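One structure below.
It should be emphasised that the depicted structure is a prediction, and the values quoted were computed from it without experimental measurement. To find a chain, count down the sequence lines: A is the first, B the second, and so on, and within it residues start at 1.
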Amino acid sequence: MNFPELDHLVMKLWEERNIRNRTVSEREGCPDYITYDGPPGTNGKPHIGHMMQSALKDLWPRYYTMKGCRVLRKAGWDTHGLPIELTAEKELGLKSKHDILTYGVNKYIDYCRKTVFRYKDAWTQAIKRIGRFLDTDDFYATLTREYIQTDWWVLKQAWDKGLLYQGHKIMPFCARCGTSLSAHETAQGYQDVTDISLYVKFPLKDTENTYFIAWTTTAWTLLSNVALAVNPKLSYVTLAVGSDRLILAEDRLSALKEMIGDYKIIDRKPGGEFAGVHYRPLWDFQDNLDQDAHFVIADEYVTAEDGSGVVHLALYGEDDFRLIQANSLPLVRNVDREGLCGPKTGKFSGRYFADENLDVDILKDLAAGGLLLGKEKITHSYPFCYRCDERLLYYATSSWFLRTSSFKDRMLAANEDINWYPAHIKHGRFGNWLENNVDWAISRSRYWGSPLPIWTCGQCGHQECVGSVRELGELRGEPIADDFDLHKPYIDELTLPCKECGGEMVREPEVLDSWFNAGIMPWGQWGYPAAPGSRELFENQYPSDFICEAIDQTRGWFYTLLAISTMLTDRSSFRNVICTSLISDESGRKMSKSRGNVIDPIMICEKYGADAVRLNFYSVNPWVAKRFSEDELVEGLKQVLIPYWNAYSFFVTYARVDNWKPHDGDALAGHTLDRWILSRLEWLRETVETSMNNYDAASATGAIVTFIDELTNWYIRRSRRRFWKSEDDQDKAVAYDTLYRVLCDLNRLSAPFLPFVTETVFQNLERAYNPEREDSVHLAAWPAGDPELRDEHLEEAMREVRDIVSIARSLRNEGNIRVRQPLPEIIVCGIPEKLSDELESLVLDELNVKRLQYRDDESELFSYRAKADFKRLGPRLGGKLKETAAAIADLNDDAIQQLIQTGEMEIAGVKVSRDDLILERVPREGYWVRSEANLTVAVDNRIDEQLRREWLAREFVHHVQNLRKEADLEVTQRIVIEFNGGEEMRDAVTAHLEYIKVETLANSLEFVTDLPAGKSIKVADQTGKILVNSV
RNA sequence: GGGCCUGUAGCUCAGUUGGUUAGAGCGCACGCCUGAUAAGCGUGAGGUCACAAGUUCGACUCUUGUCAGGCCCA
């Protein structure tokens, strides 16, 4: 069996019959099941983690298609954003924005455009190879005019609602590259560095010799200090140290003792009381500011975990910025975008902020002025530019914001209607993120992206937000040409006349955050509202039932989808969402190009087949961190796919031999085994449906795996003989009908999970017999099932049978008596009712024993030991339980026997009934016995002459069968046997001659005196030679 | 530094509202079967449920803390 090869045949079949598109077109008019494809970027290759998402994204659409829904499968690609620009910069050798301008923005974005689809084919191929039905022909892409227009339309809605505004944002900034960095880029560049941290004395304005002690790890920011912050609730002490008075958080005192030296606490009050107190700036050059500054602010973000509990504020930090804004402090930036100290920094003017000596010089200067309490070295993580390895500085830059905080409550309400898998994301990671929502900075000072459609008048400052290309043309007084590229730099050349003053309006130069593109995808994929038909499509396909992405999207796509959809429709655009974890390699390391541990999905599919890869992704909960290992794929093959295939091929082999064909009025469920497997099939259908409804692929897959095991290792194994019998009796017909039905239904139930192998089986098992059948299993209907077939009583009985068998085998194993040796009897205790004849004969046959006996009175075999049933007695007895339980454990066999008979007795002053005890059976000496739970099995191991002969005969058959196999005979080939051997063996063979002939399909068996060509055999002390010839 | 998650057999993972002896697969050992054969099956040995305290008659399960790992954010 070559699964990868089979995959290709199936893909060819799908291609030829256009199955992917027909899963949609043949469900026209059916209820819609809606899923959104989050647009991946295609300027990088897909890896195995993407394939996990592809596998999951494919599962429910296939399932719901079979359930009779129409599922659109539109693909989408993210074609804007920083990753693309970074690739372009790197390949063009551009290091900064300045370089880009020199190179030419038009040439630069042309290059970006060329790279965006670089790996689109690789993505399409990988998606196809894993068997995902995704319409990669009719895709949406964020760079198209249609899509950009939807961006504009959404922004116009926001604009009209007053939700767009221009503000400042603190961004990590690389002075050398002249670029601000995204959070993602910044995260890549954190390094542990050792800096000098300073404890600085800020002198109070109105109180002599009194200082706030503030702590900083970035001395250069002191040059831009505008305020100090304390925590209003923490206690601050004033210390007398010599003639100085020092103010700091009491909690920090112990840590700073050494630095401070001898002190006396002379005052103690909460930080809140210092609010508004003014201090003198450290340097004169900081003095003359336009606005009030240099006073104390109370804010709870200040902690006493390190430093002094007093924080100095400068415009180079996010919390600083927030407080500076909230308190209308002046925006002082004495270090500029180049990283250089500005003209208002006195002797430091012109120095580079990251120059190590600058810190030292500032330190010396402060010390000279008596403003330094102390210094210490500190190791902390600080962001560096991942490109040029230079220290970043946080810089306040202008940005456009979407006022998401104004509808935070509505987002929280919308979140309540989303089913998260796993559930904890809802109020955990995602809910917390929403609770702490701040306005979304939607603009980027970059080049390759959707242009922000806002024009500002250079004269009067009037602003317009343009909602479509047509509107833009109307405002300009001439239509925009169809082939006009809306990207920078071209769009920037379009100016508008100002309605207010007639001046010239120029576009705001920013582009949109590419997450904004992703968030508008429910509208953008149809080009809503400008594209023809887009309104109908949107209304029909909103909101979606299901999306699936990796966990890192909580602040990415999941958030932006919710923000946009809440803003526009006051609800979430998705109902169910699976968050997958990221996939790591076998040793738990993240896969990355630099480590060289990235696994190519196509290669892995070509090695093991796509079904094995899918199965692997489905079998564990997708949100637990998964280590990808090829060994597990092999395991899935061995445990599931190969047995699956073998079950199918077993059926086909015999159906061919018997020329069996499916027919109307199937004669189902004659034999107990048949009724059992049909009941289990019904269980499987119910379990898979329930699991799929709960977006639980792992449980559904587990059920399929369990069923395949039951089918192959019990139903088929126990039924094999029913298929060999050469007479066409009724039982055989029923066996065929049943197995056929089971295989067909199992195949359909498995189709969404294992689309390739099930397609092959469908073609051969269903369509080959009936050309009227659908062209593909993926166009076929989900099995309707029949609750009548469920027989839980029988399932329970079969579980008992398998338990009995298992225990008895274990006993045989211990006694070292192989199954071929027949044994006279087993004794079973502890099952509620006797087994039916058919089940009993299953047990006898499986174990090769002659008789099964039941024993109610087990006392011959066992003595009893009792334990308290804690679940029953616990709530009733409470604290008295321990004592009672001990007394119960002390009961002897007689007392327990008595309790069983009377049903109730008093133990340690407590009335206890039979049901309050859990009985354990302890085998008595002299029996070959074992119990598990309530079930006990004893095996009689006395072997008499007759049983020994029977054993020898079976060994004889065994050897003949091996010879048949060695000679590669057809299963129906008849033979003649010649045998030469010892007396006991001959007697055994004679005694069981008919049995041997039937089993081995032998026409005759002759004893000969000499057999040089024969195969030597040895059974116990018996030796002989056998020769097999076909006739 | 903050938030969320995870820690169960050598490995990969299950474990339902707290309740009898914590399960499965792989690997390992032993055996079986061979008329489904890149085979298959059975049995067995492996666990102080990361650690500690608390709540409780009773904790893998609930609470708190510690340690380790992951993700996101700073």
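The distance between atom CG of Leu637(A) and atom P of C26(B), rounded to the nearest whole Å, is 14 Å. If you take CD1 of Ile642(A) and P of G25(B), they are 17 Å apart, rounded to a whole angstrom. Computed from coordinates, the Leu434(A) CG to C73(B) P distance equals 15 Å when rounded to whole Å. Between the C1' atom of G31(B) and the CD atom of Glu955(A) lies a distance of 13 Å, rounded to the nearest Å. In this structure, Trp714(A) atom CH2 and G40(B) atom P are separated by 19 Å, rounded to whole Å. Between Asn436(A) atom CG and C72(B) atom P there is a gap of 18 Å when expressed in whole angstrom units. The CZ-C1' distance, from Arg718(A) to A36(B), rounds to 15 Å in whole Å. In this structure, Phe617(A) atom CZ and U12(B) atom P are separated by 17 Å, rounded to whole Å.
Across all strands shown, Ser649(A) has heavy atoms under 4.0 Å from sugar-phosphate atoms exclusively, and none from any base. Contact annotation for Ala647(A): base contact, defined as any heavy-atom pair under 4.0 Å involving a base atom. As judged by a 4.0 angstrom heavy-atom cut-off over every strand, Glu999(A) is placed among the base-contacting residues. As judged by a 4.0 angstrom heavy-atom cut-off over every strand, Tyr644(A) is placed among residues making no nucleic acid contact.
When each of Glu635(A) and Asn646(A) is assigned the nucleotide of RNA chain B with its nearest heavy atom, Glu635(A) is the one assigned upstream, toward the 5' end.
For G10(B) and U56(B), the C1' atoms lie 36 Å apart once the distance is rounded to whole Å. Taking atom P in both A39(B) and C13(B), one finds a spacing of 26 Å when rounded to whole Å. When the P atom is used for both U64(B) and G3(B), the distance is 12 Å, rounded to whole Å. With both ends at atom P, the span from A59(B) to A52(B) equals 14 Å, rounded to whole Å. A gap of 23 Å separates the P atoms of G69(B) and C62(B), to the nearest Å. Nucleotides C49(B) and A9(B), compared at atom P, are 10 Å apart to the nearest Å. Using C1' as the reference atom, U8(B) and A24(B) are 13 Å apart when rounded to the nearest Å. Atom C1' of C60(B) sits at a distance of 10 Å from the matching atom of G18(B), rounded to the whole Å.
Residues passing the side-chain hydrogen bond (donor to acceptor under 3.5 Å, both in side chains) test with Asn415(A), sequence neighbours excluded: Trp420(A). Every residue two or more places apart in sequence or in another chain that forms a salt bridge (Lys or Arg N to Asp or Glu O under 4.0 Å) with Arg809(A) is listed here: Glu846(A). For Trp515(A), there are no ring-ring contact (aromatic ring centres under 6.0 Å, His included) partners, not counting sequence neighbours. Under the salt bridge (Lys or Arg N to Asp or Glu O under 4.0 Å) criterion, Asp299(A) pairs with Arg322(A), sequence neighbours left out. Legend: residues meeting salt bridge (Lys or Arg N to Asp or Glu O under 4.0 Å) with Asp7(A), ordered by chain and number and at least two apart, are Arg129(A). By the ring-ring contact (aromatic ring centres under 6.0 Å, His included) test, Phe756(A) pairs with Trp14(A), sequence neighbours left out. Residues satisfying the ring-ring contact (aromatic ring centres under 6.0 Å, His included) criterion with Phe3(A), sequence neighbours excluded, are absent altogether. Here Trp433(A) pairs with Tyr559(A) under the ring-ring contact (aromatic ring centres under 6.0 Å, His included) rule; sequence neighbours left out. Arg820(A) is linked by a salt bridge (Lys or Arg N to Asp or Glu O under 4.0 Å) to Glu955(A), counting only residues two or more places apart in sequence or in another chain.
Considering only the side chain of Asn621(A), A14(B) comes nearest among A14(B), G27(B), U34(B). Listed nucleotides: U37(B), A38(B), C13(B). Nearest to the side chain of Val620(A): C13(B). Set against A36(B), G25(B), A38(B), the side chain of Gln639(A) has G25(B) as its closest nucleotide. Of all nucleotides listed (G40(B), U12(B), U37(B)), G40(B) comes nearest to the side chain of Lys638(A).
Side-chain contact, Asn764(A) with Tyr648(A): a donor N or O sits under 3.5 Å from an acceptor N or O. A donor-acceptor contact under 3.5 angstrom links the side chains of Thr218(A) and Thr221(A), judged on distance only. Side chains of Asn747(A) and Tyr644(A): a donor-acceptor N/O pair is present below 3.5 angstrom, by distance only.
With Asn616(A) as the fixed residue, the side chain to side chain donor-acceptor pair (under 3.5 Å) test singles out one of Glu632(A), Glu630(A), Glu635(A): Glu632(A).
Of the side-chain N and O atoms in Arg820(A), one or more sit less than 4.0 angstrom from OP1 or OP2 of C33(B).
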Task: Intra- and interstrand pairs of RNA chain B - dot-bracket, Watson-Crick/G-U under 3.5 Å, | marks other strand - done: (((((((..((((.....[...)))).(((((.......))))).....(((((..]....)))))))))))).

Identify all pairs in which a protein N or O lies below 3.5 Å from an N or O of nucleotides 42-46 of chain B, and state each distance.
unit_1, atom_1, unit_2, atom_2, d
U43(B), OP1, Ser806(A), OG, 2.5
U43(B), O2', Asn813(A), ND2, 3.1
G44(B), OP1, Arg930(A), NH1, 3.1

Atom pairs under 3.5 Å, N or O on each side, protein against nucleotides 4-9 of chain B: can you list them with distances?
unit_1, atom_1, unit_2, atom_2, d
C4(B), O2, Arg429(A), NH2, 3.4

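Applying the 90° criterion around 0 to the glycosidic angle, G35(B) comes out anti.
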Open item on the list: Between Trp215(A) and Ser197(A), does the side-chain contact (heavy atoms from CB on, under 4.5 Å) criterion hold? Intermediate values first, please.
Closed with: CA-CA 7 Å; Trp215(A) 181 69; Ser197(A) 73; 3.1 Å; yes

